[in-house]
Amino acid sequence: MQSKKLLHTAFATALIAVIALFSPATATAQVKIGYFSNEAALKAAPEYETAQHDLQRLREQYDKEMKRAENDFNAKYEDFLESVNSLAPSIRRKRQTELQQFMEGNIRFREEARRLLRQAEKDAMAPIQQRVNNTVRLIAAEQGYDIILNTDSNAVPFISSVISEDINALVQTALTK
């Protein structure tokens, strides 16, 4: 019982300290907060366009291969439909099985292509994201920011301009150097 009371007291004390630390009256004197859009920073990096171009070329290659496989399947299916009535039952079943396997193979390829494209995007963006992160850290150190928030995905729906600064221009300028 005593330990629970101490834990609650410690939590309450920490909460009061955090509230006091971030109150408008003390925040400007003690804590310097900046905010930026990570997405805008990524797009400002020169290597972003190259990565997007490479990813688009890869998407087009996969799309072309999927279209080719679809056309092959359609041709085989039409050929099957033209001859289905004249085929012996065992040959008909064999061709139906072949068509089913071909279609399942195309579905597996499509799913694998999507997975590979997601991985390629992740791999292409990782060094750019690392550069953005390093740039933000450098700006924080140079400008004396204690906290820098990412405003993307409505993660921070409101930031008071009294206790924070928009550093989008600083980040984007640093990335284009």
Side-chain angles (χ1 to χ4, degrees), residues 11 33-142 145-159 164-177:
F11 178 74
I33 301 172
Y35 60 91
F36 79 110
S37 165
N38 187 71
E39 185 177 332
L42 285 171
K43 290 178 180 179
E47 57 268 42
Y48 178 84
E49 284 300 319
T50 302
Q52 290 302 308
H53 183 269
D54 292 347
L55 289 168
Q56 183 58 35
R57 280 197 348 241
L58 186 59
R59 274 186 211 93
E60 289 169 358
Q61 287 177 8
Y62 279 117
D63 287 346
K64 185 177 178 181
E65 182 59 24
M66 285 186 268
K67 185 66 177 166
R68 187 200 62 77
E70 183 181 325
N71 289 341
D72 287 352
F73 174 80
N74 288 341
K76 288 180 188 237
Y77 184 67
E78 288 174 15
D79 190 38
F80 171 75
L81 288 177
E82 288 176 5
S83 62
V84 69
N85 293 330
S86 64
L87 296 174
S90 61
I91 295 172
R92 185 180 320 128
R93 281 191 300 276
K94 176 188 173 289
R95 294 229 183 131
Q96 285 174 326
T97 300
E98 287 173 351
L99 284 169
Q100 181 69 28
Q101 290 171 343
F102 194 70
M103 184 174 68
E104 288 169 359
N106 286 349
I107 290 169
R108 280 191 305 275
F109 176 75
R110 185 177 299 268
E111 290 168 357
E112 180 68 2
R114 286 185 185 132
R115 185 191 70 74
L116 291 170
L117 282 168
R118 281 191 305 270
Q119 186 61 47
E121 183 172 10
K122 184 178 174 182
D123 293 346
M125 297 309 291
I128 304 169
Q129 183 62 60
Q130 186 61 46
R131 184 164 176 248
V132 168
N133 293 347
N134 292 341
T135 300
V136 169
R137 283 186 196 96
L138 182 64
I139 289 170
E142 289 175 350
Y145 288 101
D146 298 301
I147 299 171
I148 296 182
L149 302 170
N150 175 1
T151 59
D152 291 345
S153 302
N154 202 27
V156 185
F158 172 75
I159 302 172
S164 63
E165 297 175 19
D166 182 344
I167 64 163
N168 277 298
L170 283 172
V171 174
Q172 291 174 23
T173 300
L175 287 168
T176 57
K177 290 182 182 177

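Hydrogens, waters and symmetry mates play no part in the numbers below; they use all other heavy atoms, side chains included. All figures in this text were calculated on a predicted structure; none of them were measured in a lab.
Qualifying side chain to side chain donor-acceptor pair (under 3.5 Å) partners for Asp79, counting only residues two or more places apart in sequence or in other chains: none. Among residues two or more places apart in sequence or in another chain, the side chain to side chain contact (heavy atoms under 4.5 Å, CB included) test is passed with Ala140 by Tyr145, Ile148. With sequence neighbours excluded, the residues that form a side chain to side chain contact (heavy atoms under 4.5 Å, CB included) with Leu117 are Leu58, Arg59, Tyr62. Judged as a side chain to side chain donor-acceptor pair (under 3.5 Å), and not counting sequence neighbours, Thr135 has no contacts. Residues that satisfy the side chain to side chain contact (heavy atoms under 4.5 Å, CB included) test with Tyr77, not counting sequence neighbours, are Phe73, Leu81, Leu99. Partners of Asn134 under the side chain to side chain donor-acceptor pair (under 3.5 Å) rule, at least two apart in sequence or in another chain, are Gln130, Arg137. Every residue two or more places apart in sequence or in another chain that forms a side chain to side chain contact (heavy atoms under 4.5 Å, CB included) with Ile159 is listed here: Tyr35, Leu149, Thr151, Val156, Ser164. Partners of Lys94 according to the side chain to side chain donor-acceptor pair (under 3.5 Å) rule, which considers only residues two or more places apart in sequence or in another chain, are Glu98. The salt bridge (charged side-chain N to carboxylate O under 4.0 Å, His left out) test applied to Asp72 returns Arg68, not counting sequence neighbours.
With 3.5 Å as the limit, one finds no donor-acceptor pair spanning the side chains of Glu39 and Asn150. Judged purely by distance below 3.5 Å, without hydrogens or angles, the side chains of Ser37 and Asp152 pair a donor atom with an acceptor atom.
In this structure, the side chains of Lys122 and Gln119 come closer than 4.5 Å at one or more pairs of heavy atoms. Counting only heavy atoms from C-beta outward, the side chains of Ser83 and Arg95 approach each other to under 4.5 Å.
No salt bridge links Lys64 with Glu60; every basic N to acidic carboxylate O contact stays at or beyond 4.0 Å.
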Could you walk me through whether Gln96 and Arg92 pass side chain to side chain contact (heavy atoms under 4.5 Å, CB included), step by step? CA-CA 6 Å; Gln96 285 174 326; Arg92 185 180 320 128; 4.2 Å; yes
Check against side-chain hydrogen bond (donor to acceptor under 3.5 Å, both in side chains), Asn133 and Gln129: CA-CA 6 Å; Asn133 293 347; Gln129 183 62 60; 2.9 Å; yes
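Within the structure, side chain to side chain donor-acceptor pair (under 3.5 Å) contacts touching residues 103-115 (residues at least two apart or in different chains) are Gln100-Glu104, Glu112-Arg115.
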Please report, to 0.1 Å, the donor-acceptor pairs under 3.5 Å made by any side chain of residues 44-52, with sequence neighbours excluded.
from  : atom 1 : to     : atom 2 : distance (Å)
Glu47 : OE1    : Arg131 : NH1    : 3.1
Glu47 : OE2    : Arg131 : NH1    : 3.2

Donor-acceptor list for residues 170-177 side chains, cut-off 3.5 Å, not counting sequence neighbours:
from   : atom 1 : to     : atom 2 : distance (Å)
Thr173 : OG1    : Ala169 : O      : 2.8
Thr176 : OG1    : Gln172 : O      : 3.3
Thr176 : OG1    : Thr173 : O      : 2.9

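Of the inter-residue distances, the one linking Ile147 atom CD1 with Ile33 atom CD1 reads 5.0 Å to the nearest 0.5 angstrom.
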